[in-house]
Structure formats: structure tokens, C-alpha cells
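What follows is a single structure, written as C-alpha cells, with notes after it.
Just so it is clear, the model here is predicted, and its values are computed rather than measured. Just the heavy atoms: all of them, side chains too, but no hydrogens, waters or symmetry mates, feed the values below.
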Amino acid sequence: MLSNKRIQELELVMEFEKVEECFKEVSSWIENVGRKRLKETIILDDSLEMLLQAQKQFREFDLIASEYCRRGQEALKKTDRWEDFSSVDVHSYKVKLQSYKDQLEEFCTQLDENRHRICETVRLYEFFDKVRRGICCMEEGVKS
């Protein structure tokens with residue numbers, strides 16, 4: 001039984017090396033591209049036209065970022081069975097895995113929050129724009 005468990009642990013280590021390539025690519029993209037682009041979306045312009053442009057640009061970025069999140073999550077699923085192993089040899093890999101998982105979860109959460117914030121801000125500005133146009137029409141009607 002110990003021999004079988006040890007063989008399984010070695011197989012996991014070999015599997016981790018394959019999965020780690022994906023993690024490194026996703027992690028590198030998050031650090032070098034993703035976080036920078038998310039920071040750019042923190043400050044939104046104060047006109048509806050500019051907000052719509054920012055939303056369009058964010059959607060393009062969001063497609064790419066969501067793909068990286070999906071790839072990272074798929075790679076994480078491949079390592080789900082690691083939880084059953086507790087040997088010292090596997091522990092260092094679990095620590096790396098947790099680091100990748102934390103980074104991915106944080107980025108995906110920020111992406112979701114920004115997506116929601118931009119959408120809600122655009123909706124709010126569209127509402128205020130309709131109200132403003134309605135008030136202008138009422139003022140013109142009163143003047144006539």
C-alpha cells in the first residue's frame with residue numbers, strides 16, 4: 001500500500017510539472033498584462049460617450065482575460081485529487097499550487113468586480129442622460 005501511494009505521489013509530481021507550464025503562462029499574463037489593464041479601468045471618464053468607449057475596450061480585454069481565467073481553472077481541476085496526499089514531498093507542490101490558485105482567484109474576482117462596476121456605471125449614466133434629455137424637452141415645451 002505504501003509503495004502504491006508513493007507511486008501515485010510520484011505520478012502527481014510528474015503531472016504537476018505539465019500543469020505548471022499552464023500556470024506559469026497564466027500567471028505571467030496576469031502579472032504582466034491583466035493587472036495593468038484592470039488598473040486602467042479603475043478611473044472611468046465622466047461622459048456617457050467616453051464610458052461606452054471604455055466599456056467596449058473592457059469587453060475586448062474581458063474576453064481575453066476570461067479565457068486565461070478559464071484555462072487556469074481547468075488546470076486547477078486537474079490537481080483536485082492532490083488534497084488526498086499529505087507527504088512532505090508533495091507539500092512543496094501544494095504550496096505552489098495554492099499560490100497559483102490564490103493569484104487566479106484574486107484576479108478573476110477583480111475582473112468580475114470591474115465588469116459589474118463598468119456595466120452599472122454605464123447604466124447609471126444612460127439613466128441620467130435620459131433624465132437630462134427629458135428635462136431639456138420639458139423646458140423647451142414650457143418656453144413654447
Side-chain angles (χ1 to χ4, degrees), residues 1-140:
M1 284 177 50
L2 285 173
S3 176
N4 286 342
K5 186 167 180 131
R6 184 70 179 149
I7 289 171
Q8 288 177 335
E9 288 175 354
L10 291 173
E11 288 172 351
L12 287 176
V13 169
M14 290 182 344
E15 182 181 322
F16 180 80
E17 291 173 358
K18 293 176 188 174
V19 172
E20 189 175 31
E21 288 298 316
C22 178
F23 284 137
K24 284 182 178 180
E25 183 181 341
V26 170
S27 178
S28 175
W29 185 88
I30 287 172
E31 291 304 317
N32 298 321
V33 178
R35 290 195 195 283
K36 291 175 185 173
R37 292 289 304 270
L38 280 179
K39 286 180 184 176
E40 292 171 4
T41 63
I42 289 175
I43 300 171
L44 296 173
D45 291 313
D46 58 355
S47 74
L48 180 58
E49 183 180 316
M50 295 301 287
L51 276 172
L52 291 172
Q53 180 66 25
Q55 184 181 40
K56 180 183 175 196
Q57 291 172 350
F58 181 80
R59 283 184 178 154
E60 293 167 2
F61 163 72
D62 189 27
L63 286 173
I64 297 166
S66 294
E67 177 62 21
Y68 276 96
C69 288
R70 185 192 61 75
R71 288 173 53 199
Q73 289 164 345
E74 284 179 4
L76 283 174
K77 284 181 186 176
K78 293 178 183 178
T79 62
D80 282 346
R81 62 189 182 126
W82 283 54
E83 299 303 318
D84 299 336
F85 294 92
S86 60
S87 78
V88 175
D89 295 337
V90 176
H91 178 73
S92 64
Y93 294 99
K94 284 177 137 181
V95 169
K96 283 184 183 180
L97 180 63
Q98 188 61 47
S99 173
Y100 288 130
K101 184 177 183 177
D102 292 345
Q103 179 193 38
L104 182 66
E105 285 178 0
E106 178 189 357
F107 178 77
C108 292
T109 299
Q110 288 176 348
L111 183 66
D112 288 342
E113 289 171 355
N114 279 17
R115 183 185 309 116
H116 179 73
R117 185 176 55 83
I118 289 172
C119 182
E120 290 300 310
T121 303
V122 167
R123 286 182 44 203
L124 185 63
Y125 269 74
E126 287 173 337
F127 171 76
F128 284 133
D129 192 54
K130 287 179 185 178
V131 170
R132 184 187 55 77
R133 280 186 273 145
I135 291 172
C136 290
C137 289
M138 284 179 29
E139 288 174 351
E140 287 177 14

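- Side-chain contact between Glu106 and Ile30 is absent, with no heavy atoms from C-beta onward closer than 4.5 Å.
- With respect to the salt-bridge test (charged N to carboxylate O, under 4.0 angstrom), the residues Arg123 and Glu120 qualify.
- Note: Gln103 CD to Glu31 CD = 4.5 Å, rounded to the nearest 0.5 Å.
- Of all non-hydrogen atoms in Ala65 and Leu111, the two that sit nearest each other are CB-CD2, 3.7 Å.
- The side-chain heavy atoms of Leu52 and Gln55, taken from C-beta on, include a pair separated by under 4.5 Å.
- The distance from the SG atom of Cys136 to the CZ atom of Arg132 is 5.5 Å, given to the nearest 0.5 Å.
- Here the CD atom belonging to Gln73 is positioned 10.5 Å from the NZ atom belonging to Lys101, to the nearest 0.5 angstrom.
- The minimum heavy-atom distance linking Phe107 with Cys69 is given by the pair CD2-SG, 3.7 Å.
- With rounding to the nearest 0.5 angstrom, the CD atom of Glu126 is 11.0 Å from the OG1 atom of Thr121.
- Within the 4.5 Å cutoff, the side chain of Phe23 has no heavy atoms near those of the Lys96 side chain.
- Thr109 contributes a side-chain N or O that, together with a main-chain N or O of Glu105, makes up a donor-acceptor pair within less than 3.5 Å.
- Between Trp29 and Phe61, the ring planes lie parallel to each other; the angle is under 30°, not in the 30° to 60° tilted range.
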Would you mind writing out the side-chain donor-acceptor pairs for residues 37-44 within the sub-3.5 Å range, not counting sequence neighbours?
{"from": "Thr41", "atom 1": "OG1", "to": "Leu38", "atom 2": "O", "distance (Å)": "2.7"}
{"from": "Thr41", "atom 1": "OG1", "to": "Asn114", "atom 2": "ND2", "distance (Å)": "2.6"}

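- Applying the salt bridge (charged side-chain N to carboxylate O under 4.0 Å, His left out) test to residues at least two apart or on different chains, the pairs with a partner in residues 48-66 are Asp62-Arg115.
- Note that the OH atom of Tyr68 and the OG atom of Ser28 stand 8.5 Å from one another [nearest 0.5 Å].
- A distance of 11.0 Å separates CG of Leu104 from OG of Ser99, quoted to the nearest 0.5 Å.
- Using a 4.5 Å cut-off on side-chain heavy atoms (C-beta onward), Leu97 and Phe16 make contact.
- Here the shortest heavy-atom pairing between Leu48 and Val122 reads CD1-O, 4.1 Å.
- Side-chain contact between Lys18 and Met14 is absent, with no heavy atoms from C-beta onward closer than 4.5 Å.
- We find that Arg70 and Glu67 are joined by a salt bridge, their nearest charged nitrogen and carboxylate oxygen being less than 4.0 Å apart.
- Looking only at side-chain heavy atoms (C-beta outward), Cys22 and Lys78 stay at 4.5 Å or farther from each other.
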